[in-house]
Each structure stands twice: as C-alpha cells, then as structure tokens.
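Heads up: the structure comes next, in structure tokens.
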Amino acid sequence: MRLATTVTTLAVAGTALAAGVSGCGASPAGPAAETPVYVLNLRGAEQGRPDQRPVILVLSEFSTISEVTWRSWGPTRAVGAGKLSGTWCLPACEDAPYDATVTLSAVTPVRGKGYFSRYAVAADVPVRQRPAADLSGVLPTP
C-alpha cells in the first residue's frame with residue numbers, strides 16, 4: 001500500500017511539473033518562431049541567392065560593401081560595418097575602399113521568408129563623388 005501511494009504521488013508530482021513547465025509561456029519547441037530574414041545577394045549569382053549576414057554584399061549594380069561585420073540582424077533591420085567600393089569611385093577605391101556602415105530595412109515577405117528591400121550607407125565619401133555614390137536605394141527581392 002505504501003509503495004502504491006508513493007508511485008501515485010510521484011506520478012501526480014511529475015504531471016504537475018510538466019504542466020507548470022508548459023504553462024510558463026514557452027512552447028515545448030522553444031519561443032515562438034520568427035520569420036527568417038534574408039537579403040537577396042547578387043554576389044556570384046546573377047539571379048541572386050538568399051543570404052544572411054554576408055561578408056560581401058552587392059548593394060546595386062554600382063556599389064558593393066565588403067568585409068562586413070554585422071552588429072545586428074533582423075527582424076526589422078540589420079546594421080553592419082565594412083568597406084564600400086563601386087564603379088563610381090574606381091580606380092581610387094579599388095585599393096582603398098571607404099569605411100562605411102550599411103543599414104538594411106523594409107522587410108518584404110516572399111514565400112515564407114522576409115527579405116530586406118532597402119539599404120542606406122553612411123560613409124565619408126568625397127563631396128565630388130557623393131552624387132554617384134549610390135548611398136541609398138532599393139534591394140532586389142525574389
């Protein structure tokens with residue numbers, strides 16, 4: 001009789017513990033899953049490919065940011081620091097690209113994924129090059 005009572009008590013305690021854990025607001029699989037956020041990167045892919053935290057990102061047909069270290073990524077924006085270069089600054093920036101910070105924003109949903117669709121770059125670009133520097137614009141999405 002004593003053994004049956006102990007087993008019943010353990011079963012009740014285990015059920016209560018399981019109910020308490022699942023009632024804490026977290027699902028058994030963890031926190032609610034967020035939509036993954038990507039950028040369509042045209043580097044080495046003419047049609048582009050979904051990418052997250054790329055080290056090199058083609059921003060437009062005129063500008064690329066390389067050596068990117070991402071400070072943040074998603075769900076509504078991404079910020080990274082790297083080296084900006086492009087056709088607008090050749091040949092000078094080929095060997096000495098500009099230090100830059102890029103911000104990606106405006107997430108657009110596409111087939112269950114979010115894609116950043118805008119970029120803005122802050123860089124110390126010489127005044128004469130700024131009109132052609134392509135410091136903000138629209139990113140492609142699939």
Side-chain angles (χ1 to χ4, degrees), residues 3-142:
L3 179 60
T5 304
T6 303
V7 170
T8 302
T9 302
L10 289 174
V12 170
T15 303
L17 178 61
V21 169
S22 66
C24 290
S27 68
E34 292 183 14
T35 302
V37 182
Y38 297 85
V39 62
L40 191 68
N41 197 350
L42 298 173
R43 180 175 187 268
E46 189 174 315
Q47 299 300 314
R49 68 183 182 311
D51 211 345
Q52 290 182 312
R53 295 180 170 87
V55 174
I56 300 172
L57 175 61
V58 174
L59 297 170
S60 72
E61 63 185 300
F62 305 110
S63 297
T64 298
I65 189 162
S66 59
E67 300 178 34
V68 183
T69 302
W70 294 98
R71 297 177 186 150
S72 65
W73 187 271
T76 59
R77 72 182 203 143
V79 179
K83 303 288 186 176
L84 178 68
S85 62
T87 56
W88 48 270
C89 62
L90 292 176
C93 69
E94 186 171 19
D95 294 326
Y98 299 103
D99 289 330
T101 299
V102 62
T103 301
L104 308 180
S105 61
V107 175
T108 301
V110 179
R111 295 187 291 275
K113 296 179 183 176
Y115 284 86
F116 291 112
S117 63
R118 298 213 44 95
Y119 71 90
V121 177
D124 288 329
V125 174
V127 174
R128 71 181 191 287
Q129 291 180 333
R130 285 187 189 158
D134 204 19
L135 298 176
S136 65
V138 176
L139 293 164
T141 58

Side chain R71, main chain A81, donor-acceptor under 3.5 Å: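 The answer is no, because no donor-acceptor pair under 3.5 Å joins these two groups.
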Sidechain-backbone polar pair: S117 side chain, A106 backbone, donor-acceptor under 3.5 Å: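 Indeed, once roles are kept as given, a pair shorter than 3.5 Å links the two residues.
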Testing the basics here: between [X] and [Y], what is the closest heavy-atom pair and its distance to 0.1 Å?
X	Y	value
D99	A123	O-CB, 3.4 Å
N41	P54	ND2-CB, 3.5 Å
R77	F116	CA-CE2, 3.4 Å
W73	V39	CH2-CG1, 3.9 Å
V68	G80	CG1-CA, 4.1 Å
P140	L40	O-CB, 3.4 Å

So how far is it from [X] [atom1] to [Y] [atom2], rounded to the nearest 0.5 Å?
X	Y	atom1	atom2	value
W88	L135	CH2	CG	6.5 Å
Y119	D134	OH	CG	3.0 Å
R118	L59	CZ	CG	12.0 Å
L139	L57	CG	CG	6.5 Å
D95	L90	CG	CG	10.0 Å

All side-chain contact (heavy atoms from CB on, under 4.5 Å) counterparts of P109, not counting sequence neighbours: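 For P109 there are no side-chain contact (heavy atoms from CB on, under 4.5 Å) partners, ignoring immediate neighbours.
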Qualifying residues under salt bridge (charged side-chain N to carboxylate O under 4.0 Å, His left out), relative to R49, sequence neighbours excluded: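 Checked R49 against salt bridge (charged side-chain N to carboxylate O under 4.0 Å, His left out); matches are D51.
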Residues, nucleotides or ligands: over 12 heavy atoms within 6.0 Å of R43 CZ: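 No, not enclosed.
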Full working for side chain to side chain contact (heavy atoms under 4.5 Å, CB included) between K113 and V37: CA-CA 6 Å; K113 296 179 183 176; V37 182; over 6 Å; no
Test item: L84 and P97 side chains (from C-beta on) under 4.5 Å apart, heavy atoms: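 Of all side-chain heavy-atom pairs linking P97 with L84, none is under 4.5 Å.
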Residue pair W70, V102: steps toward the side chain to side chain contact (heavy atoms under 4.5 Å, CB included) verdict: CA-CA 9 Å; W70 294 98; V102 62; 3.9 Å; yes
CA sep, side-chain torsions, deciding dist, call: T108, T141, side-chain hydrogen bond (donor to acceptor under 3.5 Å, both in side chains): CA-CA 8 Å; T108 301; T141 58; 5.8 Å; no
